[in-house]
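Have a look at the structure below, then the notes.
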Amino acid sequence: MKFAFIIDPIQRLDPGHDTSVALMEAAQELGHEVWITQANQLGVADGTAFAALEQVHLTPVQLIEGRWVAVSRWFELGERSILPLETMDAVFMRTDPPVTVPYLYATYVLDYIDPAKTLVINAPRGIRAANEKMYALQFTNAIPETIVSQDKQVIRQFLERKGVAVLKPLGGKAGEGILILEPGDRNINSLIEISTLQGQVPVMIQTYLPEAKEGDKRIILLDGKPIGAVNRIPTGNEFRGNMAVGGRVAPTTITERDYEICAQLEPILKRDGLTFVGIDIIGRYLTEVNVTSPTGVREIDRLDGVQLGHQVIKWIVQTRSAKVETASA
């Protein structure tokens with residue numbers, strides 16, 4: 001089979017951390033072709049999506065003394081070819097957020113891939129529907145008390161009622177721009193003004209969960225079902241557990257409550273074509289649903305001695321084969 005990955009420039013990726021590289025390695029190790037492109041190299045001609053694609057050969061990372069180690073030249077690229085994306089069996093949309101206007105245009109291009117010929121992960125309509133902060137709001141039995149507003153007075157009233165809260169930009173990634181708000185902070189008005197661009201952009205305000213000190217659990221879901229988890233624990237004076245800001249990772253388990261939350265999400269994720277998803281759970285609450293380029297596979301593989309990438313690729317092969325058999329029947 002042929003797998004295409006729409007990623008950020010490959011030379012910027014960290015082979016020991018990035019889930020995109022883990023998935024590409026898994027596809028290669030299972031005997032499939034791996035091709036890469038970028039969102040700005042997509043287009044449509046004659047009603048069909050195409051891309052400037054390069055086949056890539058990877059030298060897989062090795063686990064040495066408890067960490068992933070890559071050689072200096074860990075990838076080699078073939079010649080660039082302009083090809084219909086429907087010549088691929090599966091296309092992964094793995095460009096990092098934020099979801100900007102060019103990002104949205106790329107998802108519109110992906111709409112022109114025939115789903116009967118090629119599996120797109122995640123579905124472009126699902127990516128557009130699932131803002132990674134807002135999407136969680138529909139699961140009211142799973143999330144902490146939350147509001148979304150750009151109104152300073154509304155935000156302050158929520159904060160005064162809760163005592164302490166967390167402010168999150170709706171379009172951020174990797175913990176960027178997340179703030180803890182406390183009523184006694186003399187900077188509150190300025191923080192809200194900066195975050196909302198003077199009341200022009202809404203933000204999310206959530207009840208602060210003290211369990212955050214013990215970690216922010218990332219669970220990877222495949223076709224709506226959990227397949228692995230890692231705990232991200234804040235270090236030093238940092239309250240955020242995101243790996244991008246220095247959070248320490250530790251093994252964890254998927255609890256009964258976690259399974260309950262995943263069961264609530266499963267039918268909605270399937271409806272929206274969101275096949276490969278990362279959700280964040282603090283204590284007993286869902287806080288985010290990550291659909292653009294969820295990460296955590298490298299850390300889970302290292303800590304738990306598993307191969308989640310292989311599991312994902314095998315699932316795609318089985319799903320694709322079943323579709324082909326159904327179509328030919």
Checklist line | Atom of Arg218, atom of Arg232 and distance for their closest heavy-atom approach | finding: NH2-NH1, 3.6 Å
Check: When the ring planes of Phe5 and Phe92 are compared, do they come out parallel, tilted or perpendicular, using 30° and 60° as the limits?
Finding: parallel
Next item on the list: Apply side-chain contact (heavy atoms from CB on, under 4.5 Å) to the pair Val91 and Ile6, showing each step before the final yes or no.
Entry: CA-CA 7 Å; Val91 173; Ile6 304 168; 3.8 Å; yes
Should we count [atom1] of [X] as having more than 12 external heavy atoms under 6.0 Å?
| X | atom1 | result |
| --- | --- | --- |
| Phe75 | CZ | yes |
| Met1 | CE | yes |
| Lys213 | NZ | no |
| Tyr135 | OH | yes |

Check: Is the NZ or CZ atom of Arg298 positioned over Trp68's six-membered ring, under 6.0 angstrom from the centre and within 45° of the axis?
Finding: yes
Margin query: Using a strict threshold of under 4.0 Å (side-chain N to carboxylate O), is an ion pair present between Glu299 and Arg302?
Written below: no
Next item on the list: Please determine which of Thr48, Leu53, Asp114 meets the side-chain contact (heavy atoms from CB on, under 4.5 Å) test together with Leu85.
Entry: Leu53
Check: Stepwise, does the side-chain contact (heavy atoms from CB on, under 4.5 Å) test hold for Leu83 with Trp35?
Finding: CA-CA 11 Å; Leu83 297 171; Trp35 297 72; 4.1 Å; yes
Notebook entry, point to check: Can you find a heavy atom in the side chain of Leu265 that is under 4.5 Å from one in the side chain of Phe139?
Noted result: yes
Notebook entry, point to check: Are a donor atom and an acceptor atom from the side chains of Asp223 and Thr275 found within less than 3.5 Å of each other?
Noted result: no
Notebook entry, point to check: Between the side chains of Ser190 and Asn187, does any donor sit under 3.5 Å from an acceptor?
Noted result: no
Next item on the list: Go through the steps for Ile113 and Met88 under the test side-chain contact (heavy atoms from CB on, under 4.5 Å), then give the verdict.
Entry: CA-CA 10 Å; Ile113 297 175; Met88 301 288 129; over 6 Å; no
Margin query: Please say yes or no: joined through hydrophobic side-chain contacts below 4.5 Å, possibly via intermediate residues, are Leu209 and Ile180 part of one cluster?
Written below: no
Margin query: If hydrophobic clusters are built from ILVMFWY residues whose side chains come within less than 4.5 Å, do Val297 and Val312 share one?
Written below: yes
